[in-house]
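As structure tokens, the structure follows; a few thoughts come after it.
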There are 2 protein chains.
Amino acid sequence: MKRSERLVAMTYYVLDRPRELISLPFFSQKYEAAKSSISEDLGIINKMFEQEGIGYLETVSGAAGGVKYIPAFSKDYSEQFVLKLCKQLEDPQRLLPGGYLFMSDILGSPETTRNIGRLFASAFADKEIDAVMTVATKGIPLAYSVASYLNVPVVIARRDPKVTEGSTVSINYVSGSTRKIQTMVLTKRSLEVGSKVCIIDDFMKAGGTINGMRNLLKEFNAEVAGIGVLAEAEDDEEDRVVEDYISLVQIMNVDDRHSSIEVRPGNLLRHI
Amino acid sequence: MKRSERLVAMTYYVLDRPRELISLPFFSQKYEAAKSSISEDLGIINKMFEQEGIGYLETVSGAAGGVKYIPAFSKDYSEQFVLKLCKQLEDPQRLLPGGYLFMSDILGSPETTRNIGRLFASAFADKEIDAVMTVATKGIPLAYSVASYLNVPVVIARRDPKVTEGSTVSINYVSGSTRKIQTMVLTKRSLEVGSKVCIIDDFMKAGGTINGMRNLLKEFNAEVAGIGVLAEAEDDEEDRVVEDYISLVQIMNVDDRHSSIEVRPGNLLRHI
């Protein structure tokens, strides 16, 4: 196989397996090339990934070593995406009764959810994460996207238990803004005790739902390794029950009488 | 930029944008190379994609022409994946009360859902599809995966309307196996009238839920372009209300008293 052909095949191979350790002998055998050639190829791939702002190849040395593709998107890329998202969300036609914002079209685009996942995965790149957690329904595509770049499984909490899930652990929590008591359940066998978990959701106001997930994780002796929300809404500081989170955008000054709304970048851009 | 470097960058670029038409002049400008060189590069990429069994570059000729990466996974790849899935699902520990099967761990793996998406996208590669539809919750990751390879948006029907979705269209339908009347809603602005829609779900018994989605689509004057389910369960032929579907696996002879179960490949392998 020519170098040019091998580079195409190897580029696909590493992109398809983010954070998976791939040994040089494996590549060497798969593409029938000397280890020195494979090394050079990986050098070229790494250089181009960095140049294109899509991450880098991490080299793990030693007998059990190899390379891992770490998706880490450049600040430029992230900024452009977040600013575009703010503009899309500022459309007054998105305003729904009660000051809610229609976002289903944005969450319905696989390209957009892929980009959101990339940004969070980049922000959490240096954390040790065993699983991504969300609560049904809207956060699900975002959680999968983040998890696919972090190469970890997704666990989904629900509002109600289902027969197709087996035994569950359930907690009650207080919604931060409405003060209503709600229930959240997680299937027992979906998460290993002691896991380090990244919580992802589409929207956060006071943070009651995210706090609920945090409490649910305590029941599994699991640890919160990071919290990411697509959009945070303004809320009275004193109501907020979640402090340490990353947000892509911040929704401000929602005025449904005058059909106006302001959307600013969240704190994510400060984390990458 | 050297050819070797350009190949890495171009491979990433096309893989990241399945089914998107990219013009030669665009590549030529982006990578500062002659159109003849770009053409040769695309030839190498196409050859390797076919050799690796991950699809091909479709050439669209004419002034508005260019190339599109069509993800189409080889029969070998699909067979291996489906057989592995059957084995995973045959574990008797998956049996839940009522003859249900625990699949959350499999659906929780982004790598697995990505592969499932690839297989369906390959099976539907020659259909014209404008959107992928599913009903909350378990089919969501599969729907996104299929949609990302088909490069179309996802629409999600729900069992109950939410304030964050705006006005909805609602239908009642009869569950095929339990004969219970249930409700399904879809946000009005989530789907354009006349769309060609691919329905994706995780599980099908008699097909009542899928039939519900089909009826909901009628309200939008939308057309069903294809139906894909991860697992179909045995059911009395006369109960079945959905005929024309593609399944990855078929669950047979569930016996929760003797903790035994049989899982066979579904009809997908006959479609690719």
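The sequence lines fix the lettering, A, B, ..., with proteins before strands; numbering per chain opens at 1.
Ser167(A) pairs by the side chain to side chain contact (heavy atoms under 4.5 Å, CB included) definition with Lys188(A), not counting sequence neighbours. For Tyr12(B), there are no ring pair (Phe, Tyr, Trp, His ring centres under 6.0 Å) partners, not counting sequence neighbours. A search for ring pair (Phe, Tyr, Trp, His ring centres under 6.0 Å) contacts involving Tyr56(B) returns nothing, not counting sequence neighbours.
Of the two parts of Thr187(A), only the side chain, counted from C-beta on, holds a non-hydrogen atom closer than 4.5 Å to a non-hydrogen atom of chain B. With a 4.5 angstrom heavy-atom cutoff, Thr113(B) touches chain A only via side-chain atoms. Contacts of Val132(A) with chain B are absent, with no heavy-atom separation under 4.5 Å from either backbone or side chain. Only the backbone of Arg94(A) comes within contact range of chain B, with heavy atoms under 4.5 Å apart. Of the two parts of Lys2(A), neither the backbone nor the side chain holds a non-hydrogen atom closer than 4.5 Å to a non-hydrogen atom of chain B. Contacts of Ser4(A) with chain B are made by both backbone and side-chain atoms, with heavy-atom separations under 4.5 Å. Residue Leu101(A) touches chain B through its backbone alone, counting heavy-atom pairs closer than 4.5 Å. Only the side chain of Glu52(A) comes within contact range of chain B, with at least one heavy atom under 4.5 Å from a heavy atom of that chain.
Under the 4.5 Å side-chain criterion, counting only non-hydrogen atoms from C-beta, Tyr144(A) is not in contact with Ile140(B). Between Gln51(A) and Met1(B), the closest side-chain pair of non-hydrogen atoms falls below 4.5 Å. Glu165(B) is listed as a side-chain neighbour of Lys138(A), based on a closest heavy-atom distance under 4.5 Å. Using a 4.5 Å heavy-atom threshold, the side chains of Glu5(B) and Leu7(A) count as separate.
One finds no salt bridge joining Asp160(B) and Arg159(A) here, because no Lys/Arg side-chain nitrogen approaches an Asp/Glu carboxylate oxygen to under 4.0 Å.
Chain B forms the most heavy-atom pairs under 4.5 Å with one residue out of Asp105(A), Val152(A), Leu107(A), Ile54(A), and that residue is Ile54(A). Ranking Gly166(A), Ala136(A), Pro97(A) against chain B, the residue ahead of the rest is Gly166(A), based on heavy-atom pairs under 4.5 Å. Residue with the most contacts toward chain B among Phe49(A), Tyr100(A), Tyr13(A), Phe102(A): Phe102(A) (heavy-atom pairs, distance under 4.5 Å). Looking only at heavy-atom pairs under 4.5 Å with chain B, the residue among Lys162(A), Arg3(A), Glu111(A), Arg114(A) that has the most is Arg114(A).
The interface of residues 37-46 of chain B with chain A, defined by heavy-atom distances below 4.5 Å, comprises Ile44(B), Ile45(B).
Among all heavy-atom pairs drawn from Pro153(B) and Pro110(A), the shortest one is CA-CD, 3.9 Å.
A donor-acceptor contact shorter than 3.5 Å is absent between the side chain of Arg189(B) and the backbone of Ser104(A). Between the Arg158(B) side chain and the Thr137(A) main chain, no donor and acceptor come within less than 3.5 Å of each other.
Residue Gln29(A) qualifies as open at atom CD: its count of foreign heavy atoms under 6.0 Å is 12 or below. Environment of CD in Glu58(B): crowded, with over 12 heavy atoms of neighbouring residues, nucleotides or ligands closer than 6.0 Å.
We find the CE-OG1 distance between Met48(A) and Thr11(B) to be 10.5 Å, quoted to the nearest 0.5 Å.
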